[in-house]
Amino acid sequence: MAESLEKTAQSQMIDLPSGRFHYLSWGAEQTELPGIVLLHGMTSSALNWVRVGPALTDRYRVYALDMRGHGESIAPPRGTYSLRQTADDGVAFIEALGLQRPALLGHSWGGATAIVLASGAGSQKPVPQFSHLILGDPPPGLHSVSPELQATVIRDIGRPAQQLRAEITVNNPDWTEAEVEARIDALHKVTKEAVESIYIDARKEGNLLPLLATIAAPTLLIRADPHLGTPLDDTAWQQAKLYLPAHSRAVQVNGATHGIHRGRTFDAFMQTVNDFLSDERSVW
């Protein structure tokens with residue numbers, strides 16, 4: 001089923017300094033358009049963007065990376081999953097594709113990586129320039145994630161597809177078949193070792209919210225409905241809004257779960273993103 005999902009996208013491998021990575025692209029042949037890079041969340045993959053990617057091709061060449069330890073990309077050993085290391089993968093990916101001032105969109109762990117990437121925190125290299133930064137329900141840091149939540153994230157990895165399909169469908173009746181199958185595919189390709197290492201390594205960066213103030217690009221911060229689960233509690237949400245750079249905005253999507261860009265809130269997510277990208281005040 002995963003192969004059929006990828007027919008609308010180009011599937012490619014690329015060699016980066018840390019190893020061989022897989023990515024999907026939509027509309028890459030539209031060379032007159034700027035690029036946008038998509039970074040998925042933990043236990044997900046580039047297929048996480050199965051609906052978002054095509055929806056952005058009217059204004060971008062879209063590139064979705066399988067992050068390390070996920071999808072078809074390299075799974076390096078434990079101890080190599082800090083946010084600085086995943087951010088460096090993103091920098092190398094952008095450089096390898098030759099993208100100039102692309103937009104950057106990250107969800108959850110991908111959003112945390114995007115914050116580190118766009119701020120340049122801990123890097124010895126010049127900070128890449130981005131036209132826009134979009135953060136979908138990012139955690140304020142992985143240092144405060146409870147052992148119970150970690151166990152919940154890890155427990156579904158590698159479980160039989162039939163079991164996963166039944167549970168995902170029941171728990172997310174508004175998801176499309178493509179979204180369900182993308183989730184199953186990702187859970188069969190990610191390793192438990194990678195996820196466990198992310199929680200150990202990525203928590204070392206501590207609170208990420210102050211880094212927002214150091215980001216040059218206009219930033220869109222999107223939060224899921226706090227009644228349905230979001231890593232941004234009310235305190236973190238208020239702090240994040242204070243740190244956002246100029247020409248930025250923070251939007252809560254009511255009715256959205258943490259998978260904010262999937263299911264019934266996909267249209268609301270895309271409307272929020274497109275409004276931000278179309279606002280002349282968010283261009284610098």
Side-chain angles (χ1 to χ4, degrees), residues 39-44 48 67 81-84 86-87 104-122 127 130 132-154 171-172 195-196 198-265 268-269 271-273 275-276 279 281-282:
L39 302 178
H40 61 76
M42 206 182 303
T43 73
S44 193
N48 173 68
M67 296 175 68
Y81 288 86
S82 71
L83 292 177
R84 183 64 260 165
T86 54
L104 179 63
L105 165 56
H107 172 250
S108 193
W109 170 56
T113 293
I115 292 172
V116 173
L117 200 170
S119 68
V127 182
F130 295 100
H132 300 81
L133 175 63
I134 303 169
L135 305 171
D137 219 27
L142 277 78
H143 58 291
S144 60
V145 178
S146 69
E148 293 76 18
L149 179 56
Q150 293 181 37
T152 298
V153 171
I154 292 171
N171 294 331
N172 306 278
V195 175
E196 290 168 351
I198 290 168
Y199 281 121
I200 295 171
D201 300 342
R203 71 177 56 182
K204 297 174 184 176
E205 273 88 355
N207 184 9
L208 302 176
L209 298 183
L211 297 180
L212 294 172
T214 70
I215 294 172
T219 301
L220 170 62
L221 177 64
I222 309 176
R223 179 168 85 147
D225 193 321
H227 296 100
L228 297 177
T230 172
L232 291 165
D233 61 23
D234 288 343
T235 298
W237 181 237
Q238 295 304 322
Q239 290 177 345
K241 289 192 286 187
L242 293 175
Y243 284 122
L244 285 175
H247 310 299
S248 298
R249 61 178 68 175
V251 178
Q252 177 177 300
V253 179
N254 294 324
T257 62
H258 181 55
I260 198 165
H261 54 285
R262 293 188 285 242
R264 66 181 180 277
T265 54
F269 174 83
Q271 185 66 55
T272 301
V273 168
D275 286 349
F276 173 68
D279 188 346
R281 291 172 296 178
S282 68

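Here the structure is a predicted model, which is why all the values come from computation and not from measurement.
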Just so I know, are the side chains of [X] and [Y] near enough to count as touching, which here means a heavy-atom distance under 4.5 Å?
{"X": "Val253", "Y": "Phe269", "result": "no"}
{"X": "Met42", "Y": "Ile198", "result": "yes"}
{"X": "Tyr243", "Y": "Thr214", "result": "no"}
{"X": "Leu135", "Y": "Leu212", "result": "yes"}
{"X": "Pro140", "Y": "Asn207", "result": "yes"}
{"X": "Asp275", "Y": "Val251", "result": "no"}
{"X": "Pro138", "Y": "Thr113", "result": "no"}
{"X": "Thr230", "Y": "Asp225", "result": "no"}

Could you tell me whether a side-chain N or O of [X] sits under 3.5 Å from a main-chain N or O of [Y], the two making a donor and an acceptor?
{"X": "Thr219", "Y": "Ala217", "result": "yes"}
{"X": "Ser119", "Y": "Ile115", "result": "yes"}
{"X": "His40", "Y": "Met67", "result": "yes"}

Exercise for the section: Determine the interplanar angle of the His261 and His107 rings, folded into 0 to 90°, and report it as parallel if under 30°, tilted if 30 to 60°, perpendicular if over 60°. Expected result: perpendicular
Practice task
Classify the angle between the aromatic ring planes of Phe276 and His132 as parallel (below 30°), tilted (30 to 60°) or perpendicular (above 60°).
Solution key: perpendicular
Exercise for the section: Assess the side chains of Asp279 and His247: does a donor N or O sit below 3.5 Å from an acceptor N or O? Expected result: no
Handout entry: For Arg203, salt bridge (Lys or Arg N to Asp or Glu O under 4.0 Å) partners two or more places apart
Key = none
Handout entry: Those residues that, when tested against Arg223, pass salt bridge (Lys or Arg N to Asp or Glu O under 4.0 Å) (two or more places apart)
Key = Asp234
Completion exercise
So CD1 of Ile154 and OG1 of Thr43: to nearest 0.5 Å the spacing works out to 9.5 Å
Problem - Atom pair CZ/CD1 of Arg249 and Ile134 - distance to nearest 0.5 Å - result: 10.5 Å
Do you know the tightest heavy-atom contact between [X] and [Y]?
{"X": "Ala250", "Y": "Trp237", "value": "CB-CH2, 3.6 Å"}
{"X": "Val116", "Y": "Ala87", "value": "CG1-CB, 4.0 Å"}
{"X": "Thr272", "Y": "Leu220", "value": "O-CD2, 3.9 Å"}
{"X": "Leu142", "Y": "Ala202", "value": "CD2-CB, 3.9 Å"}
{"X": "Leu209", "Y": "Ala240", "value": "CD2-CB, 3.9 Å"}
{"X": "Pro231", "Y": "His258", "value": "CD-ND1, 3.6 Å"}

Problem - side-chain contact (heavy atoms from CB on, under 4.5 Å) involving Ser82 - partner list, sequence neighbours excluded - result: Arg84, Gln85, Asp201, Glu205
